[in-house]
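Shown next, in structure tokens, is the structure this report addresses.
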Amino acid sequence: MKIESYNPNSKQKIGEFEKTDPSRVEEIVQKARQAHLKWNSLTIDKRIDFLKKAKSILYRNREKIAKLITEENGKPIFESYSTEIIPTLSLFDYYIKNSKKFLRPHYERIKLPVMIHKKSWIEYVPFGVVGIISPWNYPLLLPMGQIIPALIAGNSVVFKPSEWTPLVGQKIKEIFDEAGLPENVFNIIFGEAEIGKALVESSIDKLFFTGSTKVGKIISKAASEKLLPVSLELGGKDPAIVLADADLDRAVYGILWGSLMNAGQTCVSIERVYVDEKIYDNFLSRLIDEIKKLTPYSNSEFYDYSNIKLTKQVEIIKEHIEDALSKGAKILYGGKIENNFVQPTILIEVNHSMKVMREETFGPVIPIMKFKTIDEAIELANDSDYGLSASIWTKNISLGKSIAKKIQAGSVLINDCISHFGAGEAVIGGIKMSGTGRVHSKSGLMEMVYEKYYNYDKLTWQKKMWWFKYDKHSTEKIKAATEFLFGDNLLRRMLSGLKVLPALFKKH
Ligand code: NAD
């Protein structure tokens, strides 16, 4: 059986792949487990050397890979650079530079006096075989954001790219093959939901899923049956709040980009806009001026937004617009839908009873509501099942920061949106229905390991005072120890200490 890949703009078939037989997944995972043992026995410096090679292969082939992303996903070549190639190279740099420091074992002194002669430390141990299931909308950046830290930490990887972008998935495989990674350390499996399910059911040690909330829930349920640790990066319904003092041009440019970049098919795209009523009319008229300047896909290399990749998504976008119109919304601009082309659309007079304000639209639709007070704006922004990201537009940074604290989301940007995906240091992840895990940053690396605790006792001859046997004498001692450790009277603490001290140095 084959999966075929299509360019959503030209509608032409650009490649096809043999699907992996789901019955083979466990065998692939087993081989990956063997490979992990060897991979993890290399020093971290050695593993980082392989990643340095992979980075330079990506850099050298950037033009070809950017073109491939544009062909398979539809996004403008500009965005293949700005939102895929550059952030991925930057993630390579971030993890190459920082991982050794983050994963260094460290000592933790135990301060409890009865354990003072213990030496303890923590090491970070890779899970083993990590499964990565990815969506199609950022087919290079999203999987790489998990593959890079997984490999550096010492895991082997079984990667399932989206069935809609298998060619970019294969390109990732070729990068790691060319970098000379030992056999079976990086593995790819092709196919649809069925092969993803087989991966969840296999003996992988941790799963990273990026995709829709709907599938995230199915995966979470299946994983909970066997207590498989999962990281879920799911959908969003990100709000933007525009305050009366905002730099209007910046807010308009930023929100337009944040809503329409990748034709709105971005997890952290702006999907709801709340504007102070004092600037509402000016905001709308500036937004219309700017939206008119955007160019849809044509045969030229330069366009601002593409067709919608999936036909089923066009149906959802259509449904959201129709639902809003049936409940009193108006189209201020756009609204044209033809096959997979959706014209950027501004909706006004929307409210929270409408799907377009509650469910992920994942398309080039900008629904705008006005608000009277900041408290009302915060309440509206938080009135959502999702909590991925949010943005606040204001010249008053301290006010922006105080609002940001009250917004329920995994990240909040002031006078910007989405760009944190390009910074290795930024923590990415959601709350509520937007998911559970964290990617990128130190947190994204720490998701690839578990903490393992060690200690040893320097007094190798000592019998611990808390071991058997319990009698009158030992019970008096444990009571004295409680007073010695936590009492609020200094003199009584010292007296209790004198009773406890001999027990701490008792030989067996
Ligand atoms: P999707 O959930 O349909 O598919 C994602 C991946 O899961 C694909 O590889 C698919 O084959 C696989 N899959 C589908 N059903 C499965 C099952 N039952 N078991 C195992 N695997 C299964 O999502 P999509 O349409 O590819 O991507 C769009 C969605 O992803 C949007 O909701 C978007 O918000 C979300 N997303 C989230 C983030 C984030 O970082 N939070 C980033 C990008 C996209």
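Remember, it's 1-based here, ligands and their atoms both numbered in the order they're listed.
In this view, Pro8 and Lys309 satisfy the side-chain contact (heavy atoms from CB on, under 4.5 Å) rule, not counting sequence neighbours.
Of the protein's non-hydrogen atoms, the one nearest atom 43 (C) of ligand 1 is Leu142 CD1, 3.2 Å. Residue, atom and distance of the protein heavy atom nearest to atom 33 (C) of ligand 1 are Phe362 CE1, 3.5 Å. Protein heavy atom in closest approach to atom 12 (C) of ligand 1: Ile133 CG2, 3.7 Å. Among all protein heavy atoms, the one lying closest to atom 42 (C) of ligand 1 is Cys267 SG, 3.0 Å. Protein heavy atom nearest atom 7 (O) of ligand 1, with residue, atom name and distance: Phe209 CE1, 3.2 Å. Among all protein heavy atoms, the one lying closest to atom 31 (C) of ligand 1 is Glu360 OE1, 3.4 Å. Scanning the protein for heavy atoms near atom 2 (O) of ligand 1, the closest one is Ser212 OG, 2.6 Å. Closest to atom 27 (O) of ligand 1 among all protein heavy atoms lies Pro135 CB, 3.2 Å.
By the 4.0 Å N-to-carboxylate-O rule, Lys312 lies too far from Glu315 to be salt-bridged with it. Ionic pairing of Lys237 and Asp385 is not present here: no N-O contact between side-chain nitrogen and carboxylate oxygen is shorter than 4.0 angstrom. A salt bridge is absent between Arg438 and Glu447: the closest approach of a Lys/Arg side-chain nitrogen to an acidic carboxylate oxygen does not fall below 4.0 angstrom. Between Lys55 and Asp93 there is a salt bridge, since a side-chain N of the basic residue sits under 4.0 Å from a carboxylate O of the acidic one. At a threshold of 4.0 Å, the pair Glu183-Lys31 does not count as salt-bridged, since none of the basic side-chain nitrogens sits closer than that to a carboxylate oxygen.
Which of Lys221, Lys197, Glu163, His440 comes nearest to atom 10 (C) of ligand 1 through a heavy atom is settled by distance: it is Glu163. Proximity annotation for atom 5 (C) of ligand 1: of Leu388, Val215, Thr210, Thr210 comes nearest, heavy atoms only. Among Gly211, Pro143, Gly169, the residue whose heavy atom lies closest to atom 30 (O) of ligand 1 is Gly211.
At least one heavy atom of Ser134 sits closer than 4.0 Å to an atom of ligand 1. Assignment of Gly435 to the shell around ligand 1 is not supported, since no heavy atom sits closer than 4.0 Å.
Polar contact check, Lys312 against ligand 1: no nitrogen or oxygen pair lies under 3.5 Å apart. Between Ser434 and ligand 1, no pair of N/O atoms sits closer than 3.5 Å. When only interatomic distances are considered, the shortest N/O to N/O separation between Leu234 and ligand 1 falls below 3.5 Å.
Within a 6.0 Å sphere centred on NZ of Lys336, other residues, nucleotides and ligands contribute 12 heavy atoms or fewer. In the displayed structure, Lys221 atom NZ is contacted under 6.0 Å by at most 12 heavy atoms of other residues, nucleotides or ligands. Crowding of Tyr303 atom OH: a count of heavy atoms from other residues, nucleotides or ligands under 6.0 Å exceeding 12.
Listed by number with element, the atoms of ligand 1 under 4.0 angstrom from any heavy atom of Asn137 are 43 (C), 44 (C). Distances below 4.0 Å separate heavy atoms of Glu233 from the following atoms of ligand 1: 37 (C), 38 (C), 39 (C), 40 (O), 41 (N). Residue-ligand proximity, Trp136 to ligand 1, at heavy-atom distances under 4.0 Å covers atoms 24 (P), 25 (O), 26 (O), 27 (O).
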Next item on the list: Verify ring-ring contact (aromatic ring centres under 6.0 Å, His included) between Tyr274 and Phe371, making sure each step is shown before the conclusion.
Entry: CA-CA 6 Å; Tyr274 303 102; Phe371 66 84; 7.5 Å; no

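For residues 414-435, the set of pairs meeting the salt bridge (charged side-chain N to carboxylate O under 4.0 Å, His left out) definition, not counting sequence neighbours, is empty.
At a heavy-atom cutoff of 4.0 Å, ligand 1 is contacted by no atom of Ile195, backbone or side chain.
Because its NZ or CZ atom is not both nearer than 6.0 Å to the ring centre of Phe50 and within 45° of the ring axis, Arg47 does not count as a cation-pi partner of that residue.
For atom 19 (N) of ligand 1, the protein comes within 4.0 Å by at least one heavy atom.
In this pair, Phe362 and Trp136 present their aromatic rings perpendicular. The plane angle is above 60°, beyond the 30 to 60° band.
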